[in-house]
2 protein chains.
Amino acid sequence: MMTASNAPVRQSSVRAHNLALVLQTVANSPDPISRASVAGATGLTRATVSALVDDLIAGALLAEVDPAPRSGAGRPAAGLRPAADGPAGLGLEINVDYRAACVVDLTGTVRHHLVEAGDQRGPGSLDGLTRLAARALRLARAEGLTVAGAALAVPGLVSAGGVVRVAPNLGWQDVAVGSQLHGLPLMVDNEANLAALSELGTGDLPPSFVYISGEIGIGAGIVLNGALYRGVRGWSGEIGHIPIDSAGPRCRCGARGCLEQYAGQEAMLSAAGVTSVESLAGADLTVAGTALGTAIATVVNLLDVDTVVLGGIYAPLLPGLHDAIDAEIARRVLTADWSPVRLRAATLGPDAAVRGAAGAVLRGVLDDPAAYLAR
Amino acid sequence: MMTASNAPVRQSSVRAHNLALVLQTVANSPDPISRASVAGATGLTRATVSALVDDLIAGALLAEVDPAPRSGAGRPAAGLRPAADGPAGLGLEINVDYRAACVVDLTGTVRHHLVEAGDQRGPGSLDGLTRLAARALRLARAEGLTVAGAALAVPGLVSAGGVVRVAPNLGWQDVAVGSQLHGLPLMVDNEANLAALSELGTGDLPPSFVYISGEIGIGAGIVLNGALYRGVRGWSGEIGHIPIDSAGPRCRCGARGCLEQYAGQEAMLSAAGVTSVESLAGADLTVAGTALGTAIATVVNLLDVDTVVLGGIYAPLLPGLHDAIDAEIARRVLTADWSPVRLRAATLGPDAAVRGAAGAVLRGVLDDPAAYLAR
DNA sequence: TCAAATAATTCAACCAATAAACAAATCAGA
DNA sequence: TCTGATTTGTTTATTGGTTGAATTATTTGA
C-alpha cells in the first residue's frame, strides 16, 4: 500500500502494514515458506509473524500446506502458501475485435478465461462486456471464490472515476464506464499499464522498467520501484508520438514523423508490403527498429531504467528488431557504456492486459490485506 | 521519509512517522500554528501532538513563538515554528567558473552564502571546495547551528556512493568525491536534480513537475509526487540528447539533431550571432523554442506532468521562448485539449542548485526527524 | 534412548496512541 | 467586574500491537 505520507499512523496501521508485509513475503516466495523463515526475511519476531499468519489464514488469504522436504534436525516447518480458495480478481478487457474476462486467484492461477470475438467499436459494446463479466462472476462464485473487485483494460486514455476520455480505435470519446460493476469496485485503466503490471507479476523483472505495447497505436506502461507510474491525470506512457524526424510523414495527431509512423502496426505492414502481422516475421524491420530504438533511447535517457519489455506485436518480432534497436541505444543513450539496457520480449502474449487487470485487483489485496479482511 | 515497504513496522516507527508528520505540518504552514491546529490538520489527537511537539522542541527542531493574533473566545494558542537555531544544511556547488557554499536553516533562511569565482575545471578544484566548506561550517557553528549534513551539486552524472561518472564541462571522469566531508555525511547529486528540489521547496509548485536546466548542457530534474525521481542508477533527466531531427547537425554525443544542438547555450549563441547570454534577450529564439517545445512534448506525453519549470539561462529568456514552446506543445501533446501544460520560469536564479543542495539536507531532517534527534 | 536443533506458541512487559477528564487562559455579556 | 462559554493544552487510565524470554512440540543424529 502506498501509505499516504500525510496521514497519521496508529497501532492499527502498524498491523495493517505488517499483515501486508507477511502476505507479500509468502506470495513472493517461489516455494512454501515457514513462519520462522518469514520472520527471518521480514525482521519481525516469530511471535508476531505467528499472530499475523493466524489472521491471514482465518481470512482465507493464506493456507498451510504440507511441509517442504527438509534436511537437518528440528521440528519440521509448516509451509505457507497464498490461499487458492480466497480472494480472486476479475480482469476485463475490451479491444477492437474481441472482449475478454478472466478470473485469477491469489496463487496466480487463471481459473477462468472467457473470450468473445467480434467488433467492439462503439460504446454499445459495454453491455456485452457487462454480460461477459456476469458469466465470469458466476463461474468464480460457483467455485467458492470471493471476487474482490474488477479491473477493465481499455486501449485509450482513462481519467479518474472511470471515464474513458478517448479510445481512438474503439471510436470512444468521453465514455463513463463508472466505478462499480455487479456490486464490485471497478477500476478502469489503460491496456499498456495493466499489461506492464502483468509482466511485473511474473517476477523475473527488475522493479523499474518500461513496457512498450505495439498495437495499432503504441503505448507504454511505466513501472518505477515496483509500482505503476500513472502520471498526474493517469495519462502517462503516450509514447506513440515521440518525434523521430520532424520532416517525416504526417501523423494522424497532426505532427510529423511520430514514432507511430515508423513502428506502428499499419506503418510496418505497408513498409513490408504485407497484410498480416504474422508475415512481418520474415520482413526487414530495420526502419521500425531504428525508430523504436530512438524512442527507447529517449525514454532511457529521461527515466534511467535499465530494462525495456517489448509487448504486443513487438514480442514475436523482437529477433528482427533487436539489432536496429540496440544500435540506436548504443548511439543515443549516454550511459550505455557503464550499464547496458536490457531488451526483453514480453512473456504473456495477447492475454497480458486481461491478466494484468485481474492482477491489479489482487495487488490491491496484497497491498492492503487488512482492508480486505475488514470488508 | 520514503518508508521502505519491505521493512517491518514497530511502535518506534509509528513515533518516527508521526514526528515527521507534525514537523512537516508546522514547516508547511505559512504562519505559526498551534498544537490544536496541528492535531486538526493531521488527524492525531491533541494529546499526541503535545507529546510529539515536546520532543521536537527539546531537540531544537521546533520553537514556540508569540501567539498569532487571534479572534474569538478561548485560551490563546502558543504558536509553533521551525527552529532557527536548530539543524542547518550545508549546500555546495561546483561549476565551470565558480564554486559556492551556503548554509540554510530550518526556517529556510539562507544564513551564509559564499561564492568564489574562478575556473574549476579538473578534479583538483575539489580541494578548494573542501576549504570553502570548512569556512562555511565555521561560520554556521559560530552562530550555534548544528549542521546536519552536506550536499554537493555537480553538473554531471553521479553514481551511488558519491562517484561522479562524468562531468563533461568540468573535465571530470570517475571522480570519487566520497560520502563524508569534515565528518559530515555528504550527498552528491546532479545540479538539475537539486535545483528542481529547490524550486519544489518554494511551495508554489504542484507535487509533480519537471525542471529543465539550460546551461552549456541541458538537464532535467524530475519531481514526482513531491519526491525527486533519480532513476535506477541516479541518471534520470538526461534530456539534452532527445532527438529533434535525425538529419540535423552532428552532436558531441555522436548522434544527430539532439536538443542540445538547437537549444543548448552554444547553439543559441551562435544562431543569434552574439557572444553573451544577456544579448540573447532580444534575439529571435524560435528555433530553440521549437526544439525545446518538441522535447517538452515528449516529456509530457511520457510522464503526464502538467507543469514544466524552465531554469538556468532559460528562465530570463522565457518570454522569447514561450510562444514557440506552446505551439509545439499544442501540436504534439495529445492531452493538451483537456488540460493545459503550464510553463513557468524558475524563481531562484543561479543559486537554485546550491540552495537545493542545502535544502536536500534539511529535507532529510524533515523526512526523518527521529534519526536527527537520535544522533 | 537421549541430547541437540529447529519450529511454533504463550505470556508478561513495554511503547505509543486514544479518549476523557481536567486545568489554564481568554472573550463576551450582564 | 463578575460569570459562563470557549478554546488550548496537559494528565491519566485504557487499549492495541510488538517484543523477548520461556515453553512446548517435533524431528535428526549419536
Side-chain angles (χ1 to χ4, degrees), chain A residues 3 7-22 25-26 29 31-58 62-80 369-370 373-374, chain B residues 7-22 25-26 29 31-58 62 64-80 369-370 373-374:
Chain A
T3 314
V9 167
R10 25 186 70 83
Q11 287 93 328
S12 62
S13 334
V14 172
R15 191 160 190 85
H17 179 105
N18 287 339
L19 273 172
L21 184 61
V22 169
T25 302
V26 175
S29 162
D31 301 309
I33 181 174
S34 70
R35 291 166 174 77
S37 304
V38 172
T42 58
L44 295 164
T45 63
R46 294 196 308 258
T48 305
V49 171
S50 275
L52 294 168
V53 164
D54 285 348
D55 278 11
L56 292 169
I57 289 179
L62 287 182
E64 270 192 345
V65 299
D66 280 347
R70 294 182 44 264
S71 61
R75 170 177 169 175
L80 297 171
L373 294 175
Chain B
V9 168
R10 26 185 69 83
Q11 288 94 326
S12 61
S13 336
V14 172
R15 193 162 189 83
H17 179 106
N18 287 338
L19 274 172
L21 184 61
V22 168
T25 302
V26 175
S29 163
D31 300 309
I33 183 175
S34 70
R35 292 167 174 77
S37 303
V38 172
T42 58
L44 296 164
T45 63
R46 295 199 308 265
T48 304
V49 171
S50 275
L52 294 168
V53 164
D54 286 348
D55 279 10
L56 292 169
I57 289 179
L62 288 183
E64 271 192 345
V65 298
D66 280 346
R70 294 183 43 265
S71 60
R75 168 176 170 176
L80 297 171
L373 294 176

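Convention: sequence-line order gives letters A, B, ...; per-chain numbering from 1. Heavy-atom basis, side chains included; hydrogens, waters and symmetry copies ignored.
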As a check of understanding: the bend across the helix from dT1(C)-dA30(D) to dC22(C)-dG9(D), end axes from five pairs, rounded to 10 degrees, works out to 0°

* Asked: Under 4.0 Å between a side-chain N/O of T45(B) and OP1 or OP2 of dA17(C), yes or no?
  -> no

Between the CG atom in L373(A) and the CG atom in L19(A), the distance rounded to the nearest 0.5 Å is 6.5 Å

> Within the distance-only criterion (no hydrogens, no angle test), does the side chain of S29(B) pair as donor or acceptor with the backbone N or O of T25(B) below 3.5 angstrom?
Replying inline: no

**Asked** Would one find a side-chain N or O of N18(B) under 4.0 angstrom from OP1 or OP2 of dA17(C)?
**Response** yes

Smallest heavy-atom separation, L62(B) atom then V26(B) atom, equals CD2-CG1, 3.6 Å

**Report entry** Distance-only donor-acceptor test, R75(A) side-chain atoms vs dT26(D) base atoms, 3.5 Å
**Finding:** no

Counting only side-chain nitrogens and oxygens, does S50(B) get under 4.0 Å of the OP1 or OP2 atom of dG9(D)? no

### Task
Look at the side chain of S13(A) and the backbone N and O of R10(A), then say whether any donor-acceptor pair between them is shorter than 3.5 Å.
yes

Point to revise | Heavy-atom side-chain contact between N18(B) and L44(B) under 4.5 Å | key: yes

Of A47(B) and R35(A), the one whose closest nucleotide on DNA chain C sits nearer the 5' end is R35(A)

Over all strands shown, is R46(A) touching base, sugar-phosphate only, or nothing at heavy-atom distances under 4.0 angstrom? base

Just to be sure I understand the rule, does T48(B) reach a base, reach only the sugar-phosphate, or reach nothing, if contact means heavy atoms closer than 4.0 Å? base

Practice problem: For dT18(C), take OP1 and OP2 only and decide whether either is under 4.0 Å from a side-chain N or O of R10(A). | Solution: yes

When rounded to whole Å, the NE2 to P distance for the pair H17(A) and dT18(D) reads 11 Å

Sorted by position of nearest nucleotide on DNA chain C, 5' first, the leading residue of L44(B) and S37(A) is S37(A)

